[in-house]
Peer 1: 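The structure under discussion is supplied below as structure tokens; questions concerning it will follow.
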Amino acid sequence: MSAPQRKTDIGPPHFKQFLPPVIQKNYASWKYHEVLRPGTMVHVAESGDKVWSVRMASPRLISTDFVRDVCDVADKYCDGFFRFTSRHNVEFLVSDESKVKPLEDDLKKRGMVMGGIGPRVSNIVHTQGWVHCHSAATDASGLVKVIMDEFIDYFTTKELPNKVRFAVACCTNMCGAVHCSDIALVGVHRKPPIPDHGRIPNMCEIPSTIASCPTGAISPDPAKKSLKINNDKCMYCGNCYSVCPALPISDPVNDGVAIVVGGKVTNLRTAPKFSKLVYPWLPNNPPKWPEVTNAVKGILEAYVKGAQKHERVGEWIDRIGWEKFFKLTKIPFTFQHIDDFTFARETFRTTAAFKW
Amino acid sequence: MSAPQRKTDIGPPHFKQFLPPVIQKNYASWKYHEVLRPGTMVHVAESGDKVWSVRMASPRLISTDFVRDVCDVADKYCDGFFRFTSRHNVEFLVSDESKVKPLEDDLKKRGMVMGGIGPRVSNIVHTQGWVHCHSAATDASGLVKVIMDEFIDYFTTKELPNKVRFAVACCTNMCGAVHCSDIALVGVHRKPPIPDHGRIPNMCEIPSTIASCPTGAISPDPAKKSLKINNDKCMYCGNCYSVCPALPISDPVNDGVAIVVGGKVTNLRTAPKFSKLVYPWLPNNPPKWPEVTNAVKGILEAYVKGAQKHERVGEWIDRIGWEKFFKLTKIPFTFQHIDDFTFARETFRTTAAFKW
Amino acid sequence: MPKKYDTPLLDQLEKGSYPSFVTEIKKAAVKHESANDLLGALEQCYKDKKTHWKHGGIVGVRGYGGGVIGRYSDIPDQFPGVAHFHTIRINQPSGFFYNTKALRELMDLWDHYGSGLTNFHGSTGDLVLLGTKTENLEPLFAEVSSRGWDLGGSGSAMRTPSCCVGPGRCEWSNIDTLDITYSITQEFQDEMHRPAFPYKYKFKTSGCAVDCIASIARADCSIIGTWKGDIRIDQDAVKWYAKNGMDINAEIINRCPTKCMSYDGKELQIANEDCSRCMHCIAKMTKALRPGKEKGATILIGSKAPFVVGALLSWVVVPFMKMEPPYTEIKELTRKIWEWWDEFGKNRERTGELIERKGMRNFLEAVGLDPQPAMIREPRRDPFYFWQPDELK
Amino acid sequence: MPKKYDTPLLDQLEKGSYPSFVTEIKKAAVKHESANDLLGALEQCYKDKKTHWKHGGIVGVRGYGGGVIGRYSDIPDQFPGVAHFHTIRINQPSGFFYNTKALRELMDLWDHYGSGLTNFHGSTGDLVLLGTKTENLEPLFAEVSSRGWDLGGSGSAMRTPSCCVGPGRCEWSNIDTLDITYSITQEFQDEMHRPAFPYKYKFKTSGCAVDCIASIARADCSIIGTWKGDIRIDQDAVKWYAKNGMDINAEIINRCPTKCMSYDGKELQIANEDCSRCMHCIAKMTKALRPGKEKGATILIGSKAPFVVGALLSWVVVPFMKMEPPYTEIKELTRKIWEWWDEFGKNRERTGELIERKGMRNFLEAVGLDPQPAMIREPRRDPFYFWQPDELK
Ligand code: SRM
Ligand code: SRM
Ligand code: SRM
Ligand code: SRM
Ligand code: SF4
Ligand code: SF4
Ligand code: SF4
Ligand code: SF4
Ligand code: SF4
Ligand code: SF4
Ligand code: SF4
Ligand code: SF4
């Protein structure tokens, strides 16, 4: 191929060309929807027109062939249109009711998994991990796979009190939505970075590396034209390594996975919430991370058992109280759970009213 | 009088000698109480014994003669015993029912005011003000007097949705309980202190004065052996003046009274709460502070109108939301209301759900 | 003493139904020049809209570093009677109980040595004798101490502990607030009278979570009585409340913060394992409900006024502590806290601020307490935290 | 391409019901040496329990400062196919809508120039082409751009905006999320492709407070559709829900956060002046309830991941903004925000962090917004605050 005329600053293609006709026609005039099956819902327009959406799982890290397969299906049942969701699932948009069942059957035949609509687990917002990132304290895709395998029934069939949004981030940069998810995993380090004084002078900008440290643990080492780390102040966040590659921090034995829970994004009922720490560290045990999946299972089961209808994980915990959460889940309570960062004070219990 | 033998480190008199016999007998064996009138309640012991408490207002700043008058009454009706409450009221403790009515009548005859029990306004926790403190940005006793005069009916007769606890502090040292009161007044400055370079070197310890500033506005002025104040950073809290008298800050025109509301101390229903700013500044207009009493009246009336039974001021506001509070009370919302101190971030509205 | 000053502004504060502090000052002014001059000086403040007091120098009684607040007028020539006008903090008896004999005696002494003006009480709890000259301090102290009174705290010291009425007259008290307060005060006399701390340290003790002494807002150490075991229900009394017009569902059940109560129109039930012991139901139905039987206290640390880092409420450090004489556990814990604070606290840094600065772990390990969920409202949000070498591989 | 490496660890992740990313890499490995080597390199990571990637140097396409993430293996000799393995961020179309023609074309190009591996989508929203060599960047860019695609953002630039499906398929969308996103992206092409900010700046737009794009947690500027006016109630549909087994009181009325709803078994009522537009009732009773008719958006600023000062959620800065093409108001506000941030922001300081550091007043005045109670959850607690000279006497 000889290279065609490159263009710049044209921005993305206009979305309109990608909207199926039924959507173009009923744009902004939808009336209501109904969830028909865990993977299928129908939206009804003011005009009476309907569009069926069939949602199919995707591992997000997909080959061009996967995309071509999806295109084949879309060509067959959806006039060549489809979309992805904000959680990386594929949605086939069908305007002809008679094509819905055949589409579903076709997907099943291809070994595809449908689900995730309604009060269920959906696909996991996640990150690059060992597949592509230099910063990763754990893998992302692998964790996603084992978690989704574990809870597949809650994707394809079973209902939960409400949606449970998982997220995975491979380091505390948290490129996923870990900080506001019902249940989230995040890769963590547990030892300070070891300055590579040979490389620091060339590779790193000293002031911005110092400023990157949330705890002020880094100071200049003028003699070496390098940096010093005060190990007592370092809590291994790895932010300095993002800024300065000559501060390697990964450690196969002490890196691992933390679990945070109870976050949410929607404004329904209660304000958006941050996730909170429940497991400070579980070992990195690829490829199956059994300690992690087990821990998540314990949390999810306690939620299913205890939550009322429409309660998100964080709403359930807020109702019963964190002291009760730790009691029910039998998660050991440690010094790591007690905040010592920016807003520590606001997390202390300033009331005599709590549960035994 | 020739001076008797002084003693040290003996501590206070043992309380037991001050307990009336009925209390000594039924110590720690009380069963329940009943509020009979706004100023009278009866506690019933397991033994069946009863003690009537008649509560009488006190201005707290009292003369020896006031105390002697109280003693006269206590001798007559209470076997010579009485107590003060944690809010500076006098409580006459009567073990003989037949003496209750005569006691009340006697107090009325003496022009005394009874009340404050139950869901009412009680005496105001307050401070020294212009009567005794060098730090005062307003007077305390005067404010207390005009507020209590204004709301006397809520002390002597009328009921509120729940107790309303007032506090007054004459400066932001807040020697009262301003930071956790339903409605509280606090004296504030609005201009930076003016360093008296002549006196600073002798009177003030430089490092602790610098450390006293919450915003880091103070720095050394080595040339003058004195201090510099960065007026852009100063928010006139006056803490430096507490540490260093050569930093006078009071200003008759710009000093004034701020009103904070919605705090509480008890753990009933909701956790203890801090009071929040609603009037950043009202003028110091002694002796009646009409702007202040008016403002308080507006708040109290809105509370009486809007709150449900048992709701404290802060609980009512939490239920309706601060945006609604400002709407109902018509208090102008200003930049001063928006926090820019330690926990500012936690006070921002991080949800799309709020009321118009 | 004849009237010395016209006080048109203050006079306006003698009107109105609430008892007037101006009237009180005038009453004292009849006998005392200082009170008379206070009236004039205060009128001047009202006119000028500013205080006329100066920072106190250090004044006090021999052997004590606190208990007296020095105070001087900035216009002594105009008001010589209050040129010095120091206050004396007398340590009040637990629960603010008095008999008339003791008080009359004290008032007589105060009329002799002071202004005849008092505060019953200061907001820390002291019986405040308001205004005297430096030369009267020693003789007055000799008089009062020989009669069984001692000074309260001031400066960087343990401050005068105080408490709610507790077992003296309250059916809900889980602990002997009066005795605890007395016992702590006696135990730490030296720490109270000879300021040697980084800053002040206050104790307040409430018999239950109603917290009528506001301990959770105003004490470096807040001791709040509580219980284990089930709330005791008298179903007949429940019926009595219903009959007397209480809307039990609206007022009690729906206001229970943990929603652990139910009422079917007949019986009231409590799922006690979910009760947070907030005291609402008990307080509003005192005849029907009573706390459980195993008694103790929650210990909370840290509350204070806003300087420097913003106001603090006390936070839980010991969820449940038995409180029996001689209260060894709380006294030992206190000593450990002070030791740590003495070592690491900066000048004018309160205990709560130090804990915040150093981190809760540092504090808990120093005083020998294990982490517990009751200590926090919620776990940390951001996943950065320390590990100790022995926790690693 | 024949299989190059044994991957016993990764192979275990091909089992289980959920589609496997390992299978996907293997599919690409059939055609691409790089994908084949990725498999080996990833197996190595799984064995070593650590990443084998190095910091990327700066790579990209001519005239652009972003859109490509450089990535190098730290064991290139072992896995030469991934010695360079850069990702390309293609700006996705609004709402992630595609047609098969366009995508097939793109996939063909990617099989030609890259690893055959993609992310649909990255968590910012880009269509991520995962892994290619430096020399392929220019030709690939020429190909895709000539076909109407452009790069997304990276580095200290405006990042690729994204949005929920909105009016494309959702009955609750109050604004045209797709068009707003397109319009903003076009408007700020320069700011996206030529990083010149202190740090990244993200836009996310949701049609309503359900916030299906998680804008409030992950965007420096979160645009969330909302309404004024009464929630429209279809009482027949309410009856339909009741008949179909919904416990309206338990599920809806009692869960309304503002308690502004009532239901007497027949009619559902809403006191709209107390509704906070949280969307719960509407979402759970979509046939019966619809948002009010006056449409607009709330603008919130500041959310981000935890570094350096802890995670932030976006906070309200404009309670209600009309959102009509060409969206001048939000664009102008954005330019003002950037101007202020450019002037005062430190390197790697996000907008939210700067607002926190400088104070909200400073920010609001700079961008010309008045203070409003909707901006705060609660007023400040500690009574220290600034006054401007013109506010004083
Ligand atoms: C397709 C998608 C939008 C898109 O542009 O791609 C979408 C679509 C819908 N969402 Fe969503 N949501 C989508 C991501 C989200 C997110 C964002 C996220 O997960 O990162 C959230 C916020 C989650 C959070 O708070 O952490 C989200 C929270 C909701 C909720 C709130 C549930 C609750 O009660 O808390 C509803 C309302 C409901 O379920 O009743 C909702 C409702 C809906 C409705 C019913 C809206 C409608 O009328 O069309 C759609 C189908 C519901 C379903 O899947 O159950 N959607 N929804 C996204 C599908 C993701 C997926 O593949 O699973
Ligand atoms: C006498 C006193 C204790 C003392 O040692 O002096 C006391 C005595 C009682 N309090 Fe109290 N409280 C006393 C200060 C307090 C304080 C502290 C304060 O105001 O600084 C509080 C916390 C206020 C706050 O949260 O800001 C306090 C909050 C309560 C409450 C909680 C009300 C609520 O629902 O929030 C109750 C329970 C009730 O009223 O139902 C209560 C109940 C009671 C009971 C019924 C307890 C009992 O069974 O004896 C007593 C009489 C009630 C009354 O006055 O209505 N007491 N009470 C104090 C009287 C002060 C006064 O002169 O008015
Ligand atoms: C007398 C009293 C007010 C009253 O009228 O009742 C009082 C008066 C003073 N307080 Fe206070 N405080 C008094 C109770 C309090 C309380 C309330 C309490 O103890 O329950 C507080 C809030 C709780 C706390 O401790 O944080 C309080 C917080 C302060 C502060 C701020 C301390 C802090 O850490 O933020 C200062 C400033 C200082 O220590 O320099 C302070 C300083 C002062 C000084 C000594 C002013 C100074 O810097 O020289 C005042 C002397 C006034 C005078 O001329 O007599 N006073 N002070 C109270 C003591 C009487 C007593 O012993 O019973
Ligand atoms: C690819 C992607 C993860 C993914 O697998 O989806 C990603 C990958 C990286 N992110 Fe991210 N971030 C990605 C979305 C996010 C998000 C989510 C979002 O945008 O909605 C966040 C959280 C929201 C936010 O912006 O705060 C996020 C917060 C970060 C941070 C922390 C920023 C902060 O202010 O705290 C960093 C660190 C940095 O900027 O140096 C970071 C840095 C990185 C770097 C560039 C690592 C680095 O320092 O060099 C990662 C490159 C990985 C690689 O090798 O490809 N990434 N990053 C996402 C972008 C794909 C896309 O364009 O669609
Ligand atoms: S979360 Fe960390 S390791 Fe994972 S992709 Fe983002 S920056 Fe890389
Ligand atoms: S890892 Fe984090 S805490 Fe440790 S030195 Fe680096 S930036 Fe600071
Ligand atoms: S609040 Fe301020 S002015 Fe009032 S007594 Fe306390 S220190 Fe003095
Ligand atoms: S008044 Fe307060 S803010 Fe101003 S310089 Fe003094 S201590 Fe600092
Ligand atoms: S705190 Fe509790 S025990 Fe003490 S007086 Fe108040 S209600 Fe009674
Ligand atoms: S004490 Fe409080 S939490 Fe316990 S049952 Fe009563 S109201 Fe509920
Ligand atoms: S955010 Fe609102 S408008 Fe957008 S898809 Fe979700 S529910 Fe629909
Ligand atoms: S939108 Fe939310 S606040 Fe408004 S009526 Fe519905 S549930 Fe209540």
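Each chain gets a letter, A, B and so on, in the order the sequences are listed, and its residues count up from 1.
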Peer 1: Is atom NZ of B:K31 surrounded by more than 12 heavy atoms (other residues, nucleotides or ligands) closer than 6.0 Å?
Peer 2: no
Peer 1: Quick check: do C:F97 and B:I23 have side-chain heavy atoms less than 4.5 Å from each other?
Peer 2: yes
Peer 1: Under a plain distance cut-off of 3.5 Å, with no hydrogens placed, do C:Q186 and B:D9 share a side-chain donor-acceptor pair?
Peer 2: no
Peer 1: Given the rule in the side-chain contact (heavy atoms from CB on, under 4.5 Å) test, do B:R6 and C:V61 qualify, once you have shown the distances and angles that lead to the verdict?
Peer 2: CA-CA 11 Å; B:R6 87 203 278 274; C:V61 304; 4.0 Å; yes
Peer 1: What I'd like to find out is whether the side chain of C:K49 reaches to under 4.5 Å of the side chain of B:P286, using heavy atoms alone.
Peer 2: yes
Peer 1: With a 4.0 Å cut-off, would you call C:R290 and B:E46 a salt bridge?
Peer 2: yes
Peer 1: Spell out, as yes or no, whether a donor-acceptor pair under 3.5 Å connects the side chain of C:S123 to the backbone of B:C175.
Peer 2: yes
Peer 1: For C:E251 and B:K309, indicate whether the former's side chain and the latter's backbone hold a donor-acceptor pair under 3.5 Å.
Peer 2: no
Peer 1: Between C:N99 and B:F82, does the side-chain contact (heavy atoms from CB on, under 4.5 Å) criterion hold? Intermediate values first, please.
Peer 2: CA-CA 6 Å; C:N99 67 27; B:F82 71 99; over 6 Å; no
Peer 1: Are C:R169 and B:S53 close enough that a side-chain donor and a side-chain acceptor fall under 3.5 Å?
Peer 2: yes
Peer 1: Among B:S212, B:P214, B:C213, which residue satisfies the side chain to side chain contact (heavy atoms under 4.5 Å, CB included) criterion with C:F307?
Peer 2: B:P214
Peer 1: Quick one: does B:H132's side chain have a donor or acceptor within less than 3.5 Å of a partner on C:F85's backbone?
Peer 2: yes
Peer 1: With no hydrogens and no angle check, just 3.5 Å: does a side-chain donor-acceptor pair link B:D75 and C:T100?
Peer 2: yes
Peer 1: Measure across C:S17 and B:V113 and return the closest heavy-atom pair with its distance rounded to 0.1 Å.
Peer 2: O-CG2, 3.3 Å
Peer 1: Give a yes-or-no answer on whether the side chains of C:R255 and B:H310 include a donor-acceptor pair shorter than 3.5 Å.
Peer 2: no
Peer 1: Contact part of B:D139 toward chain C, heavy-atom cut-off under 4.5 Å: side chain, backbone, both or neither?
Peer 2: side chain
Peer 1: Output the option from B:L93, B:I62, B:V22 having the highest count of non-hydrogen pairs under 4.5 Å with chain C.
Peer 2: B:I62
Peer 1: I need the residue from B:S86, B:P287, B:A28 with the largest number of non-hydrogen atom pairs under 4.5 Å to chain C.
Peer 2: B:P287
Peer 1: Do B:T64 and C:K31 have side-chain heavy atoms sitting under 4.5 Å apart?
Peer 2: yes
Peer 1: Which atom names give the shortest non-hydrogen contact between B:C133 and C:T51, and what distance separates them?
Peer 2: O-OG1, 2.7 Å
Peer 1: Any salt bridge between B:R68 and C:D111, counting N to O under 4.0 Å?
Peer 2: yes
Peer 1: Determine whether C:H52 and B:W130 satisfy the following criterion, ring pair (Phe, Tyr, Trp, His ring centres under 6.0 Å), listing intermediate values before the conclusion.
Peer 2: CA-CA 7 Å; C:H52 280 296; B:W130 293 335; 9.0 Å; no
Peer 1: Between B:H43 and C:C170, which heavy-atom pair has the shortest distance, and what is it?
Peer 2: CD2-CA, 4.5 Å
Peer 1: Heavy-atom pairs under 4.5 Å with chain C - which of B:C237, B:A74, B:C180, B:A45 has more of them than the others?
Peer 2: B:C237
Peer 1: Indicate whether any N or O donor in one side chain lies under 3.5 Å from an N or O acceptor in the other, for B:S63 and C:E24.
Peer 2: yes
Peer 1: Salt-bridge test for C:R104 and B:D72: reply yes if a basic N is under 4.0 Å from a carboxylate O, no otherwise.
Peer 2: yes
Peer 1: Assess B:R83 against C:F96: is NZ or CZ under 6.0 Å from the centre of the six-membered ring, and within 45 degrees of the ring's axis?
Peer 2: no
Peer 1: Any idea which heavy atoms bring C:L313 and B:F274 closest together, and the distance?
Peer 2: N-CZ, 3.5 Å
Peer 1: So B:N267 and C:H280, do their side chains get closer than 4.5 Å, heavy atoms only?
Peer 2: no
Peer 1: I want to check something: taking the side chain as every heavy atom from C-beta on, are C:Y182 and B:P12 in contact at a cut-off of under 4.5 Å?
Peer 2: yes
Peer 1: Could you have a look at B:P252, B:A177, B:P207 and say which one has the most heavy-atom pairs with chain C under 4.5 angstrom?
Peer 2: B:P252
Peer 1: Test side-chain contact (heavy atoms from CB on, under 4.5 Å) on C:R348 and B:V243; report intermediate values, then the result.
Peer 2: CA-CA 10 Å; C:R348 287 178 69 88; B:V243 181; 3.4 Å; yes
Peer 1: Strictly by modelled atom types, are C:Y18 and B:N123 linked by a side-chain donor-acceptor pair under 3.5 Å?
Peer 2: yes
Peer 1: Please confirm whether C:F120 and B:F84 have ring centers closer than 6.0 angstrom.
Peer 2: yes
Peer 1: Decide yes or no on side-chain contact (heavy atoms from CB on, under 4.5 Å) for B:T138 and C:K50, but give the supporting numbers first.
Peer 2: CA-CA 7 Å; B:T138 190; C:K50 67 186 283 273; over 6 Å; no
Peer 1: Indicate the atoms forming the closest heavy-atom contact of C:C278 with B:R269, along with that distance.
Peer 2: SG-N, 3.4 Å
Peer 1: Go through C:I213, C:D211, C:L130, C:T185 and name the one with the most non-hydrogen pairs under 4.5 angstrom from chain B.
Peer 2: C:L130
Peer 1: Let me confirm one number: the NE2-OH distance from B:H134 to C:Y72, rounded to the nearest 0.5 Å.
Peer 2: 12.5 Å
Peer 1: Whether the side chain of C:D150 engages the backbone of B:I10 through a donor-acceptor N/O pair (distance < 3.5 Å, no angle test) should be reported.
Peer 2: yes
Peer 1: Taking the side chain as everything from C-beta on, heavy atoms only, tell me whether C:T118 gets closer than 4.5 Å to B:F66.
Peer 2: no
Peer 1: Quick one: OG on C:S94 to NZ on B:K16, what's the gap to the nearest 0.5 Å?
Peer 2: 13.5 Å
